[in-house]
Amino acid sequence: MRNPWALEYSRNPDRFIWGTAPSRLARDLAALVPAGARVLDLGCGEGRDSVYFASRGYDVTGLDVSAAGLEKAERLANERGVTVRWLCRSMLDLPVLGRFDLVYSCGSIHHVPRDDRPQLFRRLRTLSRRGGIHAHIVFTDVVKYAEKEEEIDYFAPGELGRIYAAWLAIRYEEGLIGCSQDGMRHCHSIEQLVASITWDPVRILSPAAGYVPPARA
């Protein structure tokens with residue numbers, strides 16, 4: 001699947017494509033995750049959220065396939081006086097890293113092919129501590145927009161919620177976000193979920209378990 005952002009990071013070594021301020025989701029999660037917690041940031045890009053988590057006193061691992069993005073991320077970490085463990089590899093090639101209190105992704109898992117996602121989510125479960133939190137934002141196919149000719153394997157509306165049906169949902173939202181990275185104002189439709197392991201979620205991939213996402217307005 002074509003992901004243009006690694007090339008964009010290398011083309012713009014002196015500019016942070018997504019800025020350096022943390023996302024709203026990252027800021028909100030700081031109220032849920034205690035200091036000293038282990039955090040895994042999947043598809044961390046230029047590192048804005050990884051660096052923010054580290055500034056909150058978390059033990060952070062940021063993972064991305066783009067070496068250029070991670071170079072900028074390390075520069076940002078140095079500027080902010082924090083330490084992050086960076087891994088340049090695919091989400092499907094996660095090494096054994098112990099267990100995390102927060103597994104996080106912001107606009108990255110929809111770049112993983114659909115057929116590979118069950119494997120990924122099973123792996124993320126094994127990397128999570130009992131009582132840990134998973135938080136994700138993914139693009140859905142309500143609105144489709146190919147930005148810089150990227151290839152996205154869109155989630156269906158409610159799909160992310162069904163994947164985490166056996167978990168305790170802390171937050172669930174569907175909606176639109178504005179964007180203009182290609183110079184044109186447009187929107188992406190998203191599904192956002194924050195969920196906690198409050199018991200052993202044996203049925204993590206079962207759509208039959210108890211949580212049903214609310215219908216879209």
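Atom set for the values below is all heavy atoms of this structure, side chains included, hydrogens, waters and symmetry mates excluded.
Counting only distance, with no hydrogens or angles, the side chain of Arg114 and the backbone of Tyr154 share a donor-acceptor pair below 3.5 Å. Distance alone, capped at 3.5 Å, is enough to place a donor-acceptor pair between the Arg123 side chain and the Pro95 backbone. With hydrogens and angles ignored, the 3.5 Å screen pairs a side-chain donor or acceptor of Ser23 with a backbone N or O of Ala26. Between the side chain of Glu46 and the backbone N or O of Ile17, at least one donor-acceptor pair lies under 3.5 Å. The closest donor-acceptor contact from the side chain of Ser196 to the backbone of Ile133 lies at 3.5 Å or more, if one exists at all. When atom types are taken as modelled, the side chain of Ser55 and the backbone of Tyr52 share a donor-acceptor pair closer than 3.5 angstrom. In this structure, the side chain of Thr140 does not engage the main chain of Glu191 through any donor-acceptor pair within 3.5 Å. The backbone N or O of Glu174 lies less than 3.5 Å from no partner atom in the side chain of Gln192, so there is not a single donor-acceptor pair.
A cation-pi arrangement is not found for Lys72 relative to Tyr9, the charged atom failing to lie both closer than 6.0 Å to the ring centre and inside a 45° cone about the ring normal. Geometrically, Arg117 engages Phe155 in a cation-pi contact, judged by NZ or CZ lying under 6.0 Å from the ring centre and within 45° of the ring axis.
The distance from the CG atom of Asp59 to the CG atom of Leu40 is 11.0 Å, given to the nearest 0.5 Å. Here CG of Leu160 is found 7.5 Å from CD1 of Ile109. Values are rounded to the nearest 0.5 Å. Rounded to the nearest 0.5 Å, atoms NE2 (His110) and CD1 (Ile152) are 4.5 Å apart. Considering OG of Ser50 and CD of Glu74, their distance stands at 11.0 Å, rounded to 0.5 Å.
Residues Val143 and His188 have side chains not in contact (no heavy-atom distance under 4.5 Å, counting atoms from C-beta outward). With contacts defined as side-chain heavy-atom distances shorter than 4.5 Å, the pair Ser90/Val112 does not qualify. The closest side-chain heavy-atom distance from Leu127 to Arg99 is not below 4.5 Å. Using a 4.5 Å heavy-atom cutoff, the side chains of Arg80 and Leu76 are in contact. No side-chain heavy atom of Pro22 sits less than 4.5 Å from a side-chain heavy atom of Arg48. A 4.5 Å side-chain heavy-atom check between Leu63 and Asp41 finds every atom pair outside the cut-off. Taking the side chain as every heavy atom from C-beta outward, Val194 and Leu25 approach each other to under 4.5 Å. With a 4.5 Å cut-off on side-chain heavy atoms, Trp86 and Glu71 do not count as touching.
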Test Leu42 against Leu94 for side chain to side chain contact (heavy atoms under 4.5 Å, CB included), laying out the working first. CA-CA 10 Å; Leu42 299 167; Leu94 282 168; 4.1 Å; yes
Where do Ile190 and Leu176 land on the side chain to side chain contact (heavy atoms under 4.5 Å, CB included) test, with the steps shown first? CA-CA 6 Å; Ile190 64 164; Leu176 300 175; over 6 Å; no
Starting from the C-alpha separation in whole Å, work towards a yes-or-no answer on salt bridge (charged side-chain N to carboxylate O under 4.0 Å, His left out) for Arg129 and Asp101. CA-CA 6 Å; Arg129 286 180 177 160; Asp101 301 281; 2.9 Å; yes
Audit row: Tyr164, His136, side chain to side chain contact (heavy atoms under 4.5 Å, CB included) steps and yes/no: CA-CA 11 Å; Tyr164 283 92; His136 305 293; 2.9 Å; yes
For Val33 and Phe53: C-alpha separation, side-chain torsions, deciding distance, then whether side chain to side chain contact (heavy atoms under 4.5 Å, CB included) applies. CA-CA 10 Å; Val33 182; Phe53 288 136; over 6 Å; no
Determine, step by step, whether Glu173 and Arg24 satisfy the salt bridge (charged side-chain N to carboxylate O under 4.0 Å, His left out) criterion, reporting the C-alpha distance in whole Å, the side-chain angles of both residues, the deciding distance to 0.1 Å, and the verdict. CA-CA 13 Å; Glu173 296 179 13; Arg24 189 191 77 177; 3.3 Å; yes
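Summarising the geometry of Cys44 relative to Gly62, their closest heavy-atom pair is SG-C, 3.6 Å, with the distance given to 0.1 Å. Between Arg162 and Ala156 the shortest heavy-atom distance is NH2-CB, 4.4 Å. The two residues Ala73 and Val51 have their closest heavy-atom pair at O-CG2, 4.0 Å. Taking both residues in full, the closest heavy atoms of Ala135 and Leu29 are given as CB-CD1, 3.6 Å, listed atom of the first, atom of the second, then distance. The nearest pair of heavy atoms linking Asp64 to Gly43 is OD2-C, 3.2 Å. Smallest separation of non-hydrogen atoms from Ala35 and Arg56: CB-O, 4.2 Å.
Between Asp28 and Arg171 there is a salt bridge, since at least one side-chain N of the basic residue sits less than 4.0 Å from a carboxylate O of the acidic one.
For the residue pair Ser128/Arg125, the side-chain donor-acceptor check at 3.5 Å is not satisfied. With no hydrogens or angles considered, a side-chain donor-acceptor pair links Arg85 and Thr61 at under 3.5 Å.
Both Leu87 and Leu124 sit in one connected hydrophobic cluster of ILVMFWY residues. Membership requires side-chain heavy atoms under 4.5 Å apart, directly or through other members. Tracing side-chain contacts under 4.5 Å through hydrophobic residues (I, L, V, M, F, W, Y), one never reaches Leu92 starting from Val65; they form parts of separate clusters.
For Arg11, the salt bridge (charged side-chain N to carboxylate O under 4.0 Å, His left out) test picks out Glu8, with sequence neighbours left out.
Here Tyr104 and His134 keep their ring centres 6.0 angstrom or further from each other.
Dense packing is recorded around CG of Asp93, with more than 12 heavy atoms of other residues, nucleotides or ligands lying under 6.0 Å away.
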